[in-house]
Protein chains: 2
Amino acid sequence: MTPEPVLPQPPHNRQSTSLELRATALEQFASVGFAGTSLQQIADAAGYSKSSVLYHFASKEALLDEVLTPAVDRLEAILERFLATEESALSRSRFVNDFIDFILEFRLELHTFINQSQSLRGIPVIDRAGVLIVRLSDTLCHGAASTEDRIRFGIALGGAAYTLVAGMTFLGAEIAPAEEIRPALLAVITELLAPVTVRTTPSRK
Amino acid sequence: MTPEPVLPQPPHNRQSTSLELRATALEQFASVGFAGTSLQQIADAAGYSKSSVLYHFASKEALLDEVLTPAVDRLEAILERFLATEESALSRSRFVNDFIDFILEFRLELHTFINQSQSLRGIPVIDRAGVLIVRLSDTLCHGAASTEDRIRFGIALGGAAYTLVAGMTFLGAEIAPAEEIRPALLAVITELLAPVTVRTTPSRK
DNA sequence: ACGCTAGCTGACCGATCGGTCAGAGCCTGT
DNA sequence: ACAGGCTCTGACCGATCGGTCAGCTAGCGT
């Protein structure tokens, strides 16, 4: 696909190579899955040898960790900021906005751990992401949430992750530019989560 | 996990063994992914040898095919039935109902090809499912659909697939019974798809 | 009683997996 | 000019992958 005539390579410094590998690995993890991606594939796609990958990252698992950590950190920061303010329509709307930004910026990372967290349980960064999602769910739905409320949250989360990565592939809307996606996504997610309002008194069934 | 004292096994007939293997394989494919599942794992989980799996199915790919085909057939039938009737609020609502039934009955199959269709491109049953999804999207959104409409469809589809399999795992709502999920799912999906109405005159931007 | 076949298995195959290791090439400080 | 370290690599490792094959066993028709 990318023949790249194997030029004598300008001397890559450590950081840029590491970033290249991270980016390449992320694409593969998100599209073929962690289990389905071999170090050889990552190395080939990035134009390095398998040994090089293992020089920059202690193991395949360590590579996954470094690839996902920035996204998890970001999500954690968003959640903490939301928890630090008292709840109001305004803070909620800001939170949803932050979340949309997060989804758009880290769509591949989100897709990776949304779709593979079950099979990758035990890997620290995955477990960290898992408890974050649960906290997020509990925060939005509060303790006493109806099944429908939880389904709303799940559909919003899983649906966004799917649509922005896999969905684009064969649904129309060829990777529409972010400027077009953002407002549409915001409208749909906001509408989805609207009924999942904060209830100090756990009511309705 | 399932020690199963390796009894001298009552003589399984061909059909029951094949069904067992299909069911076991489906669980693995949906949770660990096709690439991440080895024939050995499937054999072990079902209590047979790897050779037995390959006796019943020509290859790993053939096994995937047999596992997914019933779901694809069903989805195709639902779509054909919808296309055979002229469109109305009633036929649309019946279609959504059929679709919800389909999602609930074939949640593992749906999850498998929703999340892995990109990496399994080229496998006949996956491609078949792919074109079905596109037809489904085109049918519901018609030709001239806004980005938002397509996002609504994608979120509904991907969200439902995620929520009913992976989501249940660590979101609350521990595998709530179908009787409770169905109405909630119906409400959310209907609401999601409501604005994606049929427009004979492609209007609004 | 006999052979045939269906169901199942262990031994084995080449390929590939994640990972180790001993350098080769090159840039830099001295 | 030399030494030392950083980047990168090919050769190699045991394990496991998907898949083949010969053969074992039990049930059945004759």
Side-chain angles (χ1 to χ4, degrees), chain A residues 4-26 28-29 32-68 116 119-120 122-126, chain B residues 4-26 28-29 32-68 116 119-120 122-126:
Chain A
E4 206 160 6
V6 194
L7 303 168
Q9 309 253 64
H12 276 283
N13 64 37
R14 95 204 72 191
Q15 192 180 350
S16 80
T17 300
S18 186
L19 289 177
E20 278 179 60
L21 291 175
R22 260 189 279 260
T24 305
L26 176 57
Q28 301 277 331
F29 290 160
V32 196
F34 180 74
T37 303
S38 71
L39 294 176
Q40 193 69 247
Q41 285 171 34
I42 298 171
D44 290 348
Y48 292 92
S49 74
K50 190 179 69 168
S51 300
S52 256
V53 179
L54 285 161
Y55 166 74
H56 288 280
F57 308 94
S59 67
K60 193 184 176 187
E61 197 177 300
L63 174 53
L64 179 72
D65 186 289
E66 292 208 31
V67 160
L68 294 187
Q116 306 182 52
S119 64
L120 301 179
I123 298 179
V125 70
I126 296 289
Chain B
E4 205 158 9
V6 193
L7 303 169
Q9 309 254 65
H12 276 282
N13 64 36
R14 94 204 74 188
Q15 193 181 350
S16 78
T17 300
S18 187
L19 289 177
E20 280 178 60
L21 290 175
R22 261 189 278 259
T24 305
L26 176 57
Q28 301 278 331
F29 290 160
V32 197
F34 180 73
T37 303
S38 72
L39 295 176
Q40 193 68 248
Q41 287 171 33
I42 298 171
D44 290 348
Y48 292 91
S49 73
K50 190 179 69 170
S51 300
S52 255
V53 179
L54 286 161
Y55 167 75
H56 287 280
F57 307 95
S59 67
K60 192 185 176 186
E61 197 176 301
L63 173 54
L64 179 72
D65 187 289
E66 291 208 32
V67 159
L68 294 187
Q116 304 181 52
S119 62
L120 301 179
I123 298 179
V125 70
I126 295 289

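Chain letters run A, B, ... following the sequence lines, proteins first and then strands; every chain starts at 1. Please read all numbers here as calculations on a predicted model, not as lab measurements.
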Does a side-chain N or O from [X] land closer than 4.0 Å to OP1 or OP2 of [N], or not?
{"X": "A/T17", "N": "D/dT7", "answer": "no"}
{"X": "B/H56", "N": "C/dA6", "answer": "no"}
{"X": "A/Y55", "N": "D/dT7", "answer": "yes"}
{"X": "A/S52", "N": "D/dT7", "answer": "no"}

Using side-chain contact (heavy atoms from CB on, under 4.5 Å) as the criterion, list what pairs up with [X], not counting sequence neighbours.
{"X": "B/A58", "result": "B/A62"}
{"X": "A/S51", "result": "A/S49"}
{"X": "A/L54", "result": "A/L39"}

| In chain order, what residues pass the side chain to side chain donor-acceptor pair (under 3.5 Å) check against A/S18, with sequence neighbours excluded? | A/R22
| All side chain to side chain donor-acceptor pair (under 3.5 Å) counterparts of B/Q28, not counting sequence neighbours | none
| query | Is any side-chain heavy atom of B/H56 closer than 4.5 Å to a side-chain heavy atom of B/Y48? | reply | no
| message | Are A/L64 and A/I126 packed together at the side-chain level, in the sense that at least one heavy-atom pair is separated by less than 4.5 angstrom? | response | yes
| Helix axis bend for the helix from C/dA1-D/dT30 to C/dT30-D/dA1 - C1'-based end axes, five pairs, 10° rounding | 10°
| query | Using a cut-off of 4.0 Å between protein heavy atoms and nucleotide atoms, how would you tag nucleotides 11-23 of chain D 5' to 3' with B, S and -? | reply | B-----SBBB---
| query | Could you give all pairs that pass the salt bridge (Lys or Arg N to Asp or Glu O under 4.0 Å) test and reach residues 49-61 of chain A, with sequence neighbours left out? | reply | none
